[in-house]
Amino acid sequence: MSRESLPKTFDFQSVERRLYRWWEKNGYFRPTNDPARPGFDPARKPFVIAIPPPNVTGELHLGHAMFVSIEDLLVRYHRMRGVPTLWVPGADHAGIATQLQVERLLEREGTRREAVGREKFVERVWEWKRKYGGIIFDQLRRLGASCDWERERFTLDEGLSRAVREAFVRLYEKGLIYRGPRLINWSPGLRTAVSDLEVEYSEEPGTLYHFKYRIKGSTDFIPVATTRPETILGDTAVAVHPEDDRYKRFVGATALVPILDREIPVIADESVVREFATGALKITPGHDATDYAVGQRHGLQVLSVLDEAARVNAHGGPYQGLDRFEARGRLWEDMRHAGLVIKEEPYTLNIPRSQRGGEIIEPMISTQWFVRIQPLAEVALAAVRDERIRIIPERFEKVYANWLENIQDWCISRQLWWGHRIPVWYCPQGHQTVTRQDPERCSTCGADHLEQDPDVLDTWFSSGLWPFSTLGWPDQTADLAYFYPTSVLETGYDILFFWVARMIMMGLEFTGRPPFHTVYLHGLVRDGRGRKMSKSLGNVLDPRWVMDGATIEQIREAGTSQEVEEAYPKGLPAMGTDALRFTLLTSASPGNDLNLSLDRVEANRNFANKLWNAGRFVVGNLAGLPPAGSSSALPPTPADRWILSRLAQVVAEATRLMEAYQFGEAGRQVYEFFWGEFADWYLEVSKVQMAESADRARHTARVLVTTLDACLRLLHPFTPFVTEELWGNLRRAAIAAGDEFGPREGWPEALIIAPWPTPQHSVDDNALADFALFADVVRAIRNLRTERKVPTGSRLAARIVAGRALPVFEAMRPALITLAHLDGQRLEIAASGQDTPHGVPLTVGPVEVHVMLEAAGGQASERPRLEAELRDVEAHIERLEKLLAGDFAARAPAAIVGKEREKLAAHHETRARLKHQLGE
RNA sequence: GGGCGGAUAGCUCAGUUGGUUAGAGCGCAUCUUUUACAAAGAUGAGGUCGCAGGUUCGAGUCCUGUUCCGCCCACCA
């Protein structure tokens, strides 16, 4: 009956949502040991992951699919190992990204944020967040993320805002936060400062402008080159190398800024590269980082010539009000007329662009808040160096160290409205008041007219607190005491500096402990040809299409590449969450980018279906099982011993690999075992065994249940849905079939909380060898059938000279007949051959097989094949004998040498067989 | 300029303490719709593991050099 109740293909579409709701409703995502609940045991060590909080503006993409797959795998694995497990979900308010969304909304309404006003605007953003902020969580659920949703957090919620405030005040009080004018990266479009990390440099063709810097009171000039002529307006020195014979006589002279005729000094500085361009350098401390450093060394004036929209300001004289690029052109033309232009040459520029939107960033002097990062960086560096934190893959430890060793102070203020307002108040005297509670009066002079700093904090400031702020910090909550530090921090290597390093710094600073002991970094998901997925390339693959399918119209509408269209002209078939997860988990290795191929996802969809059907077979057989006969104690068959030995090996190996963070290999091993050994071989043999007798059937069913159950458990962290659904059916069928089919400790209520398997049987090496030989014989006969084009339906007679493997072949006789399509009436199995060999001779190691092909050619035609085999074997023998005669036998480990000796012995045996068959 | 990664079958990729006949999926060829599964089964073809040296009894795996591709960091205008 249940055979009929299970559909032929796995209908993941309907199953996935149902199971997720069921898991969540039953509370399986909550930690089994919870400080808030009765029976709490503080001594049990939990496994904890803080989710990398997606942006509230987020749309599900393959990066999410990747992190959910890996983190959910870890979480499910530890949960099954019986460890109290917590995965804290949440979202990031994502300052700029979210503010832009709402600004765009206002634009459509025909207004702007400045017109709406700060308070109203922020309210609009909250409104927007309430409306769309939850969508990303539904999408994470779709991927199977088993987070504890009752602990969901948001970087801008009340508790986390308090944490941010506390962190800021503490750093301020320690003198690690300061405010001041510095050269920072300015985004003229967004009108805010951004951090060094938010700037990307892109090589672009441009021009190097050569011109004359006139010397005051002389007709002499110094030739200077620049890529940005408009910055001439802000020059406050001309620098030459102190030992440059061409120019050193000018040092100390006064130069005249072109057009403006402002007087500036000529200085000498070692940093000037004599060989580059003209060998003389104009210094613009107000708009160039290098020049800023030179200016600091020489006490030069710092002149800002651009306003916040990157237009020339009053210092620019006649160019005031012009956009920087327009000013560039005008100034250069004016200089040409003034005879100051030498030449223009094509030059490749390294242009700083905003990571968001790509607009050109202008280095500018601006008063901002900074974190003095050195002391924090040193502690963070030590934590990795002394292995309190381990990074996987290891090579990123060097990248991490290199960054922290050369780190610059962190600009944390942003001129935005959406975010954590900087908790600093100014009185009319300009005193700063920084407190945990909003102050009434100035802490210095007592003035009661205070104004709060208008800026907000960099989003990463709050994310840096994430592992502990989500657990209640700064309050010493029970959650914080029990679940902190977290265990593994898993994320993409692209935010190692942005997020991981800052969490480590902040965690150590505020809690005195590393926020996690392991950092696992995954690579970026790229398209099938290795390109970054981007809207402009039109190669973005939406994970929802992969899971649920997409029509060709949907794909075209999203502007996805030809590639997908060509491969799937009728649209993408639905392939399910499990297939996507398994693909991401098994085809990627840590820290390496993955070119996702849809073929692979499809193959794994087929794997899910394979699981489903093999499971269906086992479940169906349980339902139709005959009642037990008189003698229920039967010895296991060679096939039973083999599969249970292999299962024990696979369980041990998969567990070892999971512990070693080699998830992909663990998944692949179980895949190979399930499909290539259990389904392809044991299942086929089991059909024969089930038909033998009632007792044998029940016995075989137990092996089937044991193996399937273990495989489903091993695979559950990878493919949670198909395994849970199947396991539920298996459980029901097994319970109905009798106690003997259950695990000794009974069936748990759900796979998600079932214990991770441990090896239940010892590995029987003889059983492994016996079955390998059996399978080789079957393959050899099948091969012959194909080679000789024997019709599928016809059965062949055969004679097998099994030697010492006789008992195995006798025991496997019925399976041999079925799998090799032999004629049972005319199959002879003997220990040794007495007669002249007849039929087509095959040699499988120590076993000699003669297959009777009535219609086929004579025995003579077999000579070439047998001779070829003999040559092959003799080559092996020669190689091995040479190997064993050399230093190898003396120097290699005994076990390795022994293995080679065994191989040699087997080859000798084969050679004897072949010679015998050739009549020698 | 410094650092890192990749280069393995036609394609996409595995291959973690070096073990001697290198694996998978897709694709390809031939056969099969046999009651778990055609999203399948059976059989097969296909690789001097980028190149050159070295260490070792033994190298895809370790070392050195080198070529191509990609990434990160960096104050030569």
Side-chain angles (χ1 to χ4, degrees), chain A residues 3 6 8-10 201 208-209 224-228 231 239 271-273 275-284 288-294 347 350 393 395-396 398-399 402-403 406 493-494 496-497 523-524 526 528-530 573 575 583 586-589 591-600 602-621 657 660 662 664-665 668 671-672 676 679-680 683-684 687 779 782-787 789-793 818 821 872 875-876 879-880 883 886-893 895-897 899-900 903:
Chain A
R3 182 176 299 206
L6 295 184
K8 234 175 155 178
T9 50
F10 175 51
Y201 292 84
L208 187 58
Y209 301 85
V224 171
T226 182
T227 55
R228 293 184 294 158
T231 62
S271 71
V272 179
V273 179
E275 295 73 29
F276 187 82
T278 66
L281 186 56
K282 63 186 269 311
I283 305 295
T284 322
D288 185 278
T290 319
D291 293 3
Y292 184 77
V294 174
Y347 187 70
N350 217 7
R395 65 186 141 93
F396 281 101
K398 221 156 102 184
V399 179
N402 188 45
W403 186 71
N406 300 296
Y493 66 77
D494 54 328
L496 177 62
F497 305 144
L524 273 40
R526 298 168 178 280
R529 281 194 275 161
M575 298 190 257
T583 304
T586 56
S587 45
S589 47
N592 293 327
D593 292 349
L594 166 71
N595 303 341
L596 183 72
S597 77
L598 286 167
D599 282 352
R600 198 101 177 212
E602 214 172 327
N604 288 325
R605 187 250 342 237
N606 295 353
F607 175 57
N609 194 51
K610 189 74 186 178
L611 269 170
W612 181 251
N613 277 294
R616 209 160 62 94
F617 171 79
V618 175
V619 169
N621 275 119
L657 290 164
Q662 293 177 47
E665 189 56 25
R668 283 188 293 273
Y671 175 106
E672 295 295 333
D680 284 351
L683 237 53
E684 295 306 324
K687 291 173 188 172
R779 269 191 224 104
R782 284 171 173 173
N783 180 330
L784 184 75
R785 295 182 67 99
T786 303
E787 217 173 72
K789 302 196 190 317
V790 178
T792 315
T818 309
H821 288 267
D872 205 39
H876 281 302
R879 184 178 58 80
L880 285 169
L883 180 69
D887 286 348
F888 172 74
R891 302 213 192 187
I896 302 291
V897 178
K899 246 201 219 150
E900 295 310 311
K903 274 189 205 164

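All chains are named by letter (A, B, ...) in the order of the sequence lines, taking the proteins before the strands, and each is independently numbered beginning at 1. What you see below is based on every heavy atom in this structure, not just the backbone, and it leaves out hydrogens, waters and symmetry mates.
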Please determine whether side-chain contact (heavy atoms from CB on, under 4.5 Å) holds for the pair His821(A) and Arg782(A), giving the CA-CA distance in whole Å, both sets of side-chain angles, and the decisive distance to 0.1 Å. CA-CA 8 Å; His821(A) 288 267; Arg782(A) 284 171 173 173; 5.9 Å; no
Measure all distances between protein nitrogen or oxygen atoms and nitrogen or oxygen atoms of nucleotides 58-65 of chain B, and list the pairs falling under 3.5 Å.
none

Have a look at [X] and say if it touches a base, only the backbone sugar-phosphate, or nothing, with a 4.0 Å heavy-atom cut-off.
X	answer
Ala608(A)	nothing
Ser589(A)	sugar-phosphate
Tyr292(A)	nothing

Considering only nitrogen or oxygen atoms on both sides, find all protein atoms under 3.5 Å from nucleotides 44-47 of chain B and state each distance.
from	atom 1	to	atom 2	distance (Å)
rG44(B)	OP1	Asn783(A)	ND2	3.1

Dump the pairs, protein N or O against N or O of nucleotides 4-10 of chain B, anything under 3.5 Å, distances to one decimal.
from	atom 1	to	atom 2	distance (Å)
rC4(B)	OP1	Lys398(A)	NZ	2.8
rG5(B)	O2'	Asn592(A)	OD1	3.4

Do Thr231(A) and Asp288(A) come close enough that some side-chain heavy atom pair is under 4.5 Å?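 They are not in side-chain contact.
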Minimal non-hydrogen separation, [X] against [Y], with atom names:
X	Y	result
Ala679(A)	Lys610(A)	CB-CE, 3.9 Å
Val294(A)	Ile283(A)	CG1-CD1, 3.9 Å
Trp403(A)	Phe497(A)	CB-CE2, 3.2 Å

Quick check on RNA chain B: between Arg668(A) and Ala892(A), whose nearest nucleotide comes earlier from the 5' end?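 Residue closer to the 5' terminus by nearest nucleotide: Arg668(A).
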Mapping Gln662(A) and Ala679(A) onto RNA chain B by nearest heavy atom, which one lands closer to the 5' end?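 Here Gln662(A) is the residue nearer the 5' end.
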Could you tell me whether a side-chain N or O of [X] sits under 3.5 Å from a main-chain N or O of [Y], the two making a donor and an acceptor?
X	Y	value
Asn783(A)	Arg779(A)	no
Asn604(A)	Arg600(A)	yes
Asn592(A)	Ala588(A)	no
Asp593(A)	Leu524(A)	yes

Output field dot_bracket for RNA chain B (Watson-Crick or G-U, both distances under 3.5 Å, | for other-strand pairs) contains (((((((..((((.....[...)))).(((((.......))))).....(((((..]....))))))))))))....
Between the base of rA39(B) and the side chain of Arg605(A), is there a donor-acceptor distance below 3.5 Å?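 Counting by modelled atom types and ignoring angles, a donor-acceptor contact under 3.5 Å is found here.
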Report yes if a donor N or O on one partner sits less than 3.5 Å from an acceptor N or O on the other, where the partners are the side chain of Lys610(A) and the base of rC37(B); otherwise report no.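 Such a pair exists between side chain and base.
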Classify the angle between the aromatic ring planes of Phe396(A) and Tyr493(A) as parallel (below 30°), tilted (30 to 60°) or perpendicular (above 60°).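 Rings of Phe396(A) and Tyr493(A): parallel, under 30°.
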Hey, can you tell me if Tyr671(A) and Phe607(A) have their rings parallel, tilted or perpendicular (30° and 60° cut-offs)?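 Tilted.
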Enumerate all atom pairs, one protein N or O and one N or O from nucleotides 26-34 of chain B, separated by less than 3.5 Å.
from	atom 1	to	atom 2	distance (Å)
rC26(B)	O2'	Asp599(A)	OD2	2.9

Value in whole Å for how far the [atom2] atom of [N] lies from [atom1] of [X]:
X	N	atom1	atom2	answer
Lys8(A)	rA40(B)	NZ	P	13 Å
Asn402(A)	rC71(B)	CG	P	19 Å
Leu683(A)	rA40(B)	CG	P	16 Å
Phe497(A)	rC73(B)	CZ	P	6 Å
Leu594(A)	rC71(B)	CG	P	16 Å
Asn604(A)	rU12(B)	CG	P	18 Å
Arg616(A)	rA36(B)	CZ	C1'	5 Å
Glu665(A)	rG23(B)	CD	P	13 Å

It should be established whether Thr9(A) places a side-chain nitrogen or oxygen under 4.0 Å from OP1 or OP2 of nucleotide rC37(B).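 Looking at the OP1 and OP2 atoms of rC37(B), neither is under 4.0 Å from any side-chain N or O of Thr9(A).
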Considering just the side-chain nitrogens and oxygens of Lys687(A), establish if one lies under 4.0 Å of OP1 or OP2 belonging to rU35(B).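 For rU35(B), neither OP1 nor OP2 has a side-chain N or O of Lys687(A) closer than 4.0 Å.
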Quote, to the nearest angstrom, the C1' distance that separates rU66(B) from rC28(B).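 Approximately 36 Å lies between the C1' atom of rU66(B) and that of rC28(B).
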Grab the N/O contacts between the protein and nucleotides 74-77 of chain B below 3.5 Å, and write none if there aren't any.
from	atom 1	to	atom 2	distance (Å)
rC75(B)	O4'	Thr290(A)	OG1	3.4
rC75(B)	O2'	Thr290(A)	OG1	2.4
rA77(B)	OP2	Tyr347(A)	OH	2.8
rA77(B)	O3'	Thr227(A)	OG1	3.4
rA77(B)	O2'	Ala225(A)	O	2.6
rA77(B)	N6	Val273(A)	O	2.5
rA77(B)	N6	Phe276(A)	O	3.2
rA77(B)	N1	Val273(A)	N	3.3

Within 45° of the six-membered ring axis of Phe617(A) and under 6.0 Å from that ring's centre, is NZ or CZ of Lys687(A) located there?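 Geometry flag: set, cation within 6.0 Å and 45°.
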